[in-house]
Amino acid sequence: VGIDSCKCQANSYQSFDWNGNRICRFCPGLSSSVVGSIGISQCTCNPGFILNWISFSNSWGCERCQPGKYCNLGIQYNCPAGTVSLPGSS
């Protein structure tokens with residue numbers, strides 16, 4: 001009951017502003033989240049992408065999976081020994 005009943009919409013997550021007030025922020029492009037997500041870690045990047053800190057924009061974003069790896073549900077995995085993959089593999 002009360003403010004805990006207020007949840008962020010799909011494709012957004014709960015965060016806090018500089019004054020400590022609860023706010024909803026949009027998930028980065030190429031990602032999504034369910035209603036009630038409570039952190040950016042609950043924004044799941046599309047297949048072939050992984051959530052990463054992007055220093056030049058000083059923000060979180062979905063980056064294409066690296067060569068030799070594949071990404072699924074926001075996790076980057078190494079390809080098995082003796083195999084390769086193209087950037088953005090899922």
Side-chain angles (χ1 to χ4, degrees):
V1 179
I3 193 140
D4 289 332
S5 298
C6 301
K7 301 192 182 308
C8 294
Q9 297 178 12
N11 304 318
S12 65
Y13 63 95
Q14 179 183 296
S15 186
F16 296 92
D17 67 13
W18 292 105
N19 296 317
N21 299 309
R22 291 182 189 189
I23 59 172
C24 295
R25 298 186 189 275
F26 289 110
C27 287
L30 303 173
S31 71
S32 60
S33 69
V34 298
V35 171
S37 294
I38 56 170
I40 193 164
S41 64
Q42 293 183 331
C43 296
T44 303
C45 294
N46 293 349
F49 292 85
I50 185 168
L51 189 64
N52 231 342
W53 181 256
I54 302 173
S55 57
F56 72 84
S57 64
N58 202 30
S59 64
W60 289 97
C62 292
E63 291 187 313
R64 190 173 299 279
C65 196
Q66 298 174 4
K69 300 180 184 289
Y70 66 96
C71 298
N72 193 17
L73 299 175
I75 301 171
Q76 184 168 261
Y77 302 93
N78 290 322
C79 288
T83 64
V84 296
S85 70
L86 297 174
S89 295
S90 59

message: Give me the atom names and distance for the closest heavy-atom approach of Tyr70 to Cys65.
response: C-SG, 3.3 Å

Shortest non-hydrogen separation from Leu51 to Pro28 and the atoms involved: CD1-CG, 3.9 Å

field: Atom of Ile75, atom of Ile50 and distance for their closest heavy-atom approach
entry: C-CD1, 4.3 Å

Cysteine SG atoms at Cys71 and Cys45 closer than 2.5 Å: no

- prompt: So which residues get pulled into Val35's cluster when ILVMFWY side chains under 4.5 Å apart are joined, directly or through others?
  reply: none

- request: Would you give the length of the straight line joining atom OG of Ser37 to atom CD of Gln14, rounded to the nearest 0.5 angstrom?
  value: 10.0 Å

message: Tell me every residue that passes disulfide bond (SG atoms under 2.5 Å apart) with Cys79, counting only those two or more places apart in sequence or in another chain.
response: none

- request: Taking ring pair (Phe, Tyr, Trp, His ring centres under 6.0 Å) as the test, write out the residues that go with Tyr13, two or more places apart.
  value: none

message: For Asn19, is there any backbone N or O sitting under 3.5 Å from a side-chain donor or acceptor partner on Asp17?
response: yes

- request: Keeping to residues at least two apart or across chains, list the side chain to side chain donor-acceptor pair (under 3.5 Å) pairs with something in residues 39-53.
  value: Asn52-Glu63

query: How many angstroms lie between CD1 in Ile40 and CH2 in Trp60, if you round to the nearest 0.5 Å?
result: 7.0 Å

- prompt: For Ile54, does the CD1 atom sit with more than 12 other heavy atoms under 6.0 Å from it, leaving out its own atoms?
  reply: yes

task: Could you list all the side chain to side chain donor-acceptor pair (under 3.5 Å) pairs where at least one residue sits in residues 24-33, not counting sequence neighbours?
output: Ser15-Arg25

- line: In short, side chain to side chain donor-acceptor pair (under 3.5 Å) pairs touching residues 73-90 with sequence neighbours left out are Lys69-Asn78

